[in-house]
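Presented below is the structure to which this report refers.
Excluded from the calculations below are hydrogen atoms, water molecules and symmetry mates; all remaining heavy atoms, backbone and side chain alike, are included.
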Amino acid sequence: MNAVLRTVNRVVTGLAGLVLLAVGGAVLAIGFDAPAPSWWVHQGPHDVLLSNAERTRWRDADWWWPVVIAALAVLLLLALWWLVAVVRRRRLTEVLVDTGDGEGATLRGRALEGVLAGEAERVDGVERAGVRLTGSRDAPASRIRLLLAPHVDPGTALHDLTTGALTHARHSANLTSLPAEVQLRGVKHGAERVS
């Protein structure tokens with residue numbers, strides 16, 4: 001599914017780029033006194049973009065400006081949605097597991113994330129764990145956030161996570177490697193009173 005979305009994204013971006021290049025090139029060429037293409041609405045460098053009649057055509061219609069503003073707002077929201085969808089890191093939906101028979105199997109990404117998070121939370125001093133798989137289905141990577149109790153040594157917690165949960169996940173999915181980016185944060189707590 002991600003490959004299909006990636007292909008659609010590239011095709012739509014390419015088509016939008018070609019349209020903008022054609023329109024921008026036509027405007028630039030006409031500005032330098034080149035002959036206008038047959039499909040272009042203006043024929044010379046001194047032509048105005050909107051004539052007086054075109055600008056004042058809908059002035060008396062009460063519905064005109066609300067419709068224009070609503071259409072522009074919808075276009076802006078769609079552009080922002082597309083930008084966020086392109087920029088944000090996508091969650092890996094499945095992991096390819098080598099079963100040794102040449103066929104392979106797929107493991108749901110959320111299932112592996114849940115198992116990794118559950119095992120990470122069993123590490124001594126880890127209050128909460130969040131796991132997100134990234135990368136490709138045949139070379140996954142993980143982003144792990146650990147919330148640590150105040151008394152825990154971060155180095156020990158990281159070592160326990162690496163030798164425990166990450167190693168088990170790598171062996172279970174028969175992966176050659178499972179790189180991880182781990183973010184450690186401590187639980188906020190009040191100052192202790194010393195008497």
Side-chain angles (χ1 to χ4, degrees), residues 1-96 106-114 116-117 120 127-147 178-188:
M1 190 66 173
N2 282 342
V4 172
L5 290 176
R6 211 170 329 157
T7 304
V8 168
N9 185 29
R10 287 179 181 160
V11 168
V12 169
T13 304
L15 288 176
L18 286 175
V19 168
L20 290 173
L21 186 65
V23 171
V27 169
L28 188 63
I30 292 170
F32 285 119
D33 281 336
S38 60
W39 50 268
W40 190 247
V41 291
H42 302 289
Q43 300 305 314
H46 302 293
D47 248 352
V48 294
L49 188 59
L50 291 173
S51 68
N52 197 25
E54 289 170 329
R55 280 188 297 110
T56 58
R57 181 177 179 185
W58 302 105
R59 181 179 282 178
D60 295 331
D62 292 339
W63 58 269
W64 173 248
W65 288 114
V67 167
V68 168
I69 291 170
L72 290 174
V74 167
L75 283 174
L76 176 66
L77 289 175
L78 285 173
L80 288 174
W81 171 79
W82 176 77
L83 180 65
V84 168
V86 168
V87 169
R88 76 181 168 100
R89 288 188 165 197
R90 287 195 166 72
R91 173 176 261 148
L92 191 60
T93 56
E94 60 185 25
V95 175
L96 189 61
T106 55
L107 173 65
R108 284 187 42 228
R110 295 235 179 189
L112 187 56
E113 289 173 350
L116 255 169
E127 300 283 326
R128 193 170 56 239
V131 177
R132 185 180 186 111
L133 291 178
T134 59
S136 62
R137 56 186 292 212
D138 54 346
S142 58
R143 301 182 82 190
I144 302 172
R145 288 186 315 252
L146 298 180
L147 189 62
L178 182 58
E181 177 184 322
V182 182
Q183 179 184 9
L184 303 173
R185 276 192 5 216
V187 176
K188 293 183 180 178

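Distance check, rounded to the nearest 0.5 Å: CG of Leu116 to CG of Leu112 gives 5.0 Å. Remark: Arg128 CZ to Arg185 CZ distance equals 7.0 Å, nearest 0.5 Å.
Residues Leu15 and Val11 have side chains in contact (heavy-atom distance under 4.5 Å, counting atoms from C-beta outward).
The minimum heavy-atom distance between Pro140 and Val95, with the atom names listed, is CG-CG1, 4.0 Å. Here the closest non-hydrogen pair linking Ala129 and Ala120 is CB-CB, 3.8 Å.
Applying the side chain to side chain donor-acceptor pair (under 3.5 Å) test to Ser136 and every residue at least two apart in sequence or in another chain returns Asp138. Take Trp65 and apply the ring-ring contact (aromatic ring centres under 6.0 Å, His included) test, not counting sequence neighbours, and it matches no residue. Judged as a side chain to side chain donor-acceptor pair (under 3.5 Å), and not counting sequence neighbours, the contacts of Asn52 are Arg55. Scored by the side-chain contact (heavy atoms from CB on, under 4.5 Å) test, Ala180 finds Ser142, Ile144, Leu166, Val182 as partners (sequence neighbours excluded). Taking Arg145 as the reference, Gln183 meet the side-chain contact (heavy atoms from CB on, under 4.5 Å) condition, with sequence neighbours excluded. Partners of Trp63 under the ring-ring contact (aromatic ring centres under 6.0 Å, His included) rule, at least two apart in sequence or in another chain, are Trp58. Residues satisfying the side-chain contact (heavy atoms from CB on, under 4.5 Å) criterion with Ala141, sequence neighbours excluded, are Thr134, Pro179. By the side-chain contact (heavy atoms from CB on, under 4.5 Å) test, Glu113 pairs with Arg91, Arg110, Val131, Arg132, Leu133, sequence neighbours left out.
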